[in-house]
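What follows is one structure encoded as structure tokens, with my remarks underneath.
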Amino acid sequence: MLSVREIARRVANGEISAQAALVESESRIEARDGELRAFASRPQALVPGEGPLAGVACGVKDIIDTADLPTGMGSSIYEGWQPRADAAIVMALKAAGATIAGKTQTTAFAFLDPAPTRNPHDPTASPGGSSAGSAAAVAAGLIPLAIGTQTGGSVIRPAAYCGAAAIKPSYDLLPTVGVKPYSRSLDTLGLMAASADDLGFALAALTARPELDAAEASLEGLRLGLNRQEFAEAPEPACEEALQRIAALAGQAGASVIERAAPAELADAYKAHGPLQDWEATQALGWEYANHRDALPPKLRAYLDQARLTTPAQYDEARRVARRGRHVTEAWLGEVDVLVTYAAPGEAPATLASTGDSRFNRLWTLMGTPCLTVPLMRGPRGLPVSFQLVGRFGADAQVIAVAKALERLIVAAA
Ligand SMILES: NC(=O)CC(=O)O
């Protein structure tokens with residue numbers, strides 16, 4: 001995969017021009033995307049910017065508005081739709097010198113009907129969703145950076161399936177202005193890149209928070225909580241193997257691995273994700289449902305048929321339970337430094353008809369806590385299997401720092 005930091009460093013010290021770096025990405029896209037189908041649209045030419053991300057070609061998920069490329073939402077309803085303005089995150093990318101290499105394929109409105117994208121490791125396997133194109137393009141080494149969104153598990157899950165690193169930062173760290181909403185309490189922008197080091201470098205550049213380009217943490221004495229999210233159906237054995245493998249590596253490096261069962265309030269919050277999302281998605285997609293219901297893809301159409309039956313009382317209860325869950329999560333995560341858990345239920349689904357399941361991601365999306373995954377191992381079908389780090393709300397730098405230390409162990413153990 002291409003490295004954000006390495007490209008930025010080489011451009012900054014004059015080893016290569018920003019244009020040459022962009023040409024490299026462009027040639028890789030030309031060579032591979034016909035089969036991978038990660039991009040929905042691309043500009044005529046990649047024009048270099050100026051700043052810490054000069055020369056970095058970035059994919060932008062196609063529910064995020066761009067003033068010079070259409071925003072198709074993965075739906076025929078928005079075929080050719082041309083926003084007037086860039087979303088705030090696109091403005092931040094350009095201000096940092098990054099170049100938009102294209103709009104990456106999304107599932108329709110970021111729900112569960114698959115995008116056309118293939119898994120870079122197996123064209124018959126799913127890349128996951130909903131940020132399918134972003135995960136596949138980064139994992140395939142076409143671009144060093146991509147933007148995704150997560151309402152359930154749409155940043156962490158596809159990255160884990162495709163073998164990319166990804167961060168779903170603390171809720172609202174990145175602005176969702178100009179992003180088609182799905183569920184306003186949940187929708188969170190995230191980044192995909194080759195490594196935790198690249199994620200930290202890019203996130204710091206995009207948010208003017210240099211502390212996010214965190215130095216690698218020392219694992220000596222680190223309190224690493226281990227949680228299996230027992231309230232959700234168990235994963236494939238390979239995921240348990242991955243969890244135990246990363247815990248063992250951390251333990252050998254001096255971390256204290258502490259098994260931590262989730263408090264009951266988190267299991268309640270896990271169940272509240274559904275009705276809360278149902279109510280908010282009904283509102284977010286009200287116009288499309290009222291005027292173009294037949295043009296909605298089957299899973300989304302059936303989902304909205306049911307979601308619209310959610311009552312105000314159910315929504316208000318879900319909000320109360322979520323709020324309680326956030327308070328309990330803050331205290332519970334405060335008893336460790338970082339939590340490690342499953343990133344996805346298994347290897348990528350062996351079908352293009354499914355984007356997989358967000359059951360190990362959706363609670364943390366609702367809690368608003370930072371989540372990060374980096375590639376770890378291959379499963380029985382030869383596809384990537386990873387793990388997920390979760391930190392306290394606002395502890396994004398700490399999650400990045402610990403991930404960088406674990407990455408070093410993974411590389412050394414390879
Ligand atoms: N947008 C989302 O997060 C939905 C999903 O998890 O697939």
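Heavy atoms only: backbone and side chains are in, while hydrogens, waters and symmetry mates are out. Ligands are counted one by one from 1 in listed order, and the atoms in each one are counted from 1 as well.
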Which of the atoms of ligand 1 are close to [X], meaning less than 4.0 Å from one of its heavy atoms?
X: Leu112; value: 7 (O)
X: Ser358; value: 6 (O)
X: Thr151; value: 1 (N), 2 (C), 3 (O)
X: Gly129; value: 7 (O)

Closest protein heavy atom (residue, atom, distance) for atom 6 (O) of ligand 1: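 Closest protein heavy atom to atom 6 (O) of ligand 1: Gly153 N, 2.7 Å.
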Hey, is [X] close enough to [Y] for a salt bridge, meaning N to O under 4.0 Å?
X: Arg293; Y: Glu288; result: no
X: Asp198; Y: Arg5; result: no
X: Glu407; Y: Lys404; result: no
X: Arg228; Y: Glu240; result: yes
X: Asp294; Y: Arg301; result: no

If we set the cut-off at 4.0 Å for heavy atoms, which region of Arg157 has an atom near ligand 1: side chain, backbone, both, or neither?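 Within the 4.0 Å criterion, Arg157 contacts ligand 1 through side-chain atoms alone.
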Between Thr365 and ligand 1, find which residue part has any heavy-atom pair under 4.0 Å and reply side chain, backbone, both or neither.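 Looking at Thr365 and ligand 1, no heavy atom falls under 4.0 Å.
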Which residues pass the ring-ring contact (aromatic ring centres under 6.0 Å, His included) test with Tyr270, sequence neighbours left out?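 Expected list: Phe231.
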Return the option from Pro158, Ser154, Gly152, Ala281 holding the heavy atom at the smallest distance from atom 5 (C) of ligand 1.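 Comparing heavy atoms across Pro158, Ser154, Gly152, Ala281, the nearest one to atom 5 (C) of ligand 1 lies in Ser154.
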